[in-house]
Amino acid sequence: MPDAAEVSLIKKCQEGREDAFRELMEKYQRRVYWIAYNMLSNYDTAREIAQEAFIRVFRNIGRFDVKKNFYTWLYQITVNLCIDRMRKLSHGKTVDIDGIGGLADPTPTRDPAASGEQTETRARVHVALDRLPPKYKAVLTLRDIQGFSCEEISEIVGCTNATVRWRLHRARKLFRAIWEGKGVEIGDDSDVGF
Amino acid sequence: MGCEEVRDLLALYAGGESYDREREAVEAHVAVCAACARELDHFREARANLALLRDGPVPPATFKTLWSNVRVDLFPQKAANRAVWFDAALRYAAVTMVGIAVGVLIHYADRRDATVVATSAPAMAPLAPAQPATLGSPNAPRLFLRKPRASMPVAEFDGNYYLPRVESMPAGAAKDF
């Protein structure tokens with residue numbers, strides 16, 4: 001249930017108030033940007049997606065029911081835009097990771113102070129994440145990176161809790177296989193059994 | 001539960017999404033099975049690596065640009081008004097600067113011409129007798145860029161401007177002046 005201050009802000013936005021929309025945007029822009037960046041791995045594209053998401057939100061905010069969660073609606077728009085963009089970019093191609101070396105460091109060091117190593121790991125995680133089909137990438141981003149609950153994710157991606165759990169299960173297995181360089185063919189973007 | 005069944009549950013267990021019954025089964029199994037415990041560690045490590053992407057450096061001015069772009073799209077009139085004022089101010093400033101620059105150029109061109117004439121005239125004719133500088137003579141210092149026009153009437157004073165002409169007086173009129 002949204003808090004009273006946010007409801008008031010949304011109502012002002014529905015009246016077309018620029019200052020209210022700016023306040024609302026400042027509250028959520030960082031999260032929207034990071035969801036887009038984690039899914040697309042590109043700063044400029046992430047900014048474009050965030051911009052498009054906020055524009056769509058404002059244009060449709062008149063039809064938004066204030067009893068519902070604003071953030072799930074906003075993140076739903078963001079994730080859908082990201083999935084559309086990813087599909088356009090990949091154009092439905094099948095990625096076969098046989099022959100691609102594992103992304104996991106063969107001799108990992110556990111020094112948290114080594115920021116250079118962390119940057120490198122981050123880059124390798126992005127590469128592994130980029131090889132996942134869009135819907136698996138979406139749930140993994142929302143759950144393991146952004147920390148949303150399964151209920152919130154099911155609202156954001158518009159499917160049941162069971163489907164979210166299934167996708168998470170598949171996504172983690174695929175991610176691990178890519179990370180460890182195991183031969184896995186990622187071409188099936190469908191939810192088997194759901 | 002065997003290893004095969006437990007391994008199928010590990011992906012969700014690592015993220016804390018397992019149901020209670022599944023969680024209990026996994027915990028009981030990994031307590032005694034080192035291979036499955038290692039497998040669980042791999043899933044946990046993968047999650048920890050993903051969590052590294054949670055936050056990081058953002059290019060400067062990202063959010064400022066984001067707002068300005070959204071604003072231009074959603075509230076074009078206000079943004080345009082500000083742009084028009086700014087544009088007009090820039091135009092006025094540019095015109096003023098060009099005017100000042102032209103004025104300064106004219107000023108310095110005049111001064112340079114006058115300096116050249118003043119310094120070169122004695123060197124060219126050192127033995128010639130000094131002539132009075134009159135308007136129009138080559139020795140006169142130029143004060144203006146524009147030369148006096150040839151067709152301009154020259155005022156001549158003959159001393160009779162304020163006297164009425166006698167021939168224009170009527171015949172019988174008294175000449176009392």
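In this text the structure is predicted, and so the values were computed from the model without any measurement. Below, read A as the first sequence line, B as the second, and so on, with proteins coming before strands; counting in each chain starts at 1.
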**Contact leader toward chain A among B:Val70, B:Leu66, B:Leu53, where contacts are heavy-atom pairs under 4.5 Å** =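 It is B:Leu53.
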**Item:** Structural part of A:Ile35 lying under 4.5 Å from a heavy atom of chain B
**Value:**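 For A:Ile35, neither part sits under 4.5 Å from chain B.
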**Item:** Segment of A:Tyr33 engaging chain B (4.5 angstrom heavy-atom cut-off)
**Value:**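 For A:Tyr33, the side chain is the part near chain B, not the backbone.
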Nearest non-hydrogen partners of [X] and [Y], listed with the distance:
X	Y	result
B:Arg71	A:Glu18	NE-OE2, 2.6 Å
A:Tyr43	B:Pro59	CD2-CD, 3.4 Å
B:Ala11	A:Lys173	CB-CG, 4.4 Å

Just how far is it from atom [atom1] of [X] to atom [atom2] of [Y], taken to the nearest 0.5 Å?
X	Y	atom1	atom2	answer
B:Asp73	A:Phe58	CG	CZ	11.0 Å
A:Arg122	B:Leu50	CZ	CG	12.5 Å
B:Trp67	A:Glu26	CH2	CD	8.0 Å

**Message:** Quick check on B:Leu12 against chain A: is it the side chain, the backbone, both or neither that has a heavy atom closer than 4.5 Å?
**Reply:**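 Interface part for B:Leu12: both.
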**Message:** If I measure from the heavy atoms of chain A, does B:Ser18 come under 4.5 Å with its side chain, its backbone, both, or neither?
**Reply:**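 Answer is backbone: N, CA, C or O of B:Ser18 sit under 4.5 Å from chain A.
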Are [X] and [Y] joined in one hydrophobic group, where the rule is that I, L, V, M, F, W and Y side chains link up if heavy atoms are under 4.5 Å apart?
X	Y	value
B:Ile100	B:Tyr108	yes
A:Leu24	B:Phe63	yes
B:Tyr19	B:Val6	no

**Main-chain N/O of A:Ile145 paired to B:Arg54 side chain as donor or acceptor, under 3.5 Å** =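 Checking the backbone N and O of A:Ile145 against the side chain of B:Arg54, a donor-acceptor pair under 3.5 Å is found.
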**Request:** Indicate yes or no for a side-chain donor-acceptor contact from A:Arg172 to the backbone of B:Ala14 under 3.5 Å, with no hydrogens or angles considered.
**Result:**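 No.
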**Message:** Against A:Arg176, only a single residue in B:His42, B:Glu39, B:Glu45 fulfils side chain to side chain donor-acceptor pair (under 3.5 Å); can you say which?
**Reply:**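 Among B:His42, B:Glu39, B:Glu45, the one meeting side chain to side chain donor-acceptor pair (under 3.5 Å) with A:Arg176 is B:Glu39.
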**Prompt:** Quick one: which of A:Arg47, A:Gln51, A:Glu52, A:Glu48 gives a side chain to side chain donor-acceptor pair (under 3.5 Å) with B:Asn69?
**Reply:**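 Single pass found, and it is A:Gln51.
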**Prompt:** Is there side-chain contact between B:Leu52 and A:His126, with heavy atoms separated by less than 4.5 Å?
**Reply:**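 A side-chain contact is absent here, since even the closest heavy-atom pair is not under 4.5 Å.
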**Residue-level interface, residues 91-98 of chain B with chain A, non-hydrogen cut-off under 4.5 Å** =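 Listed by number: none.
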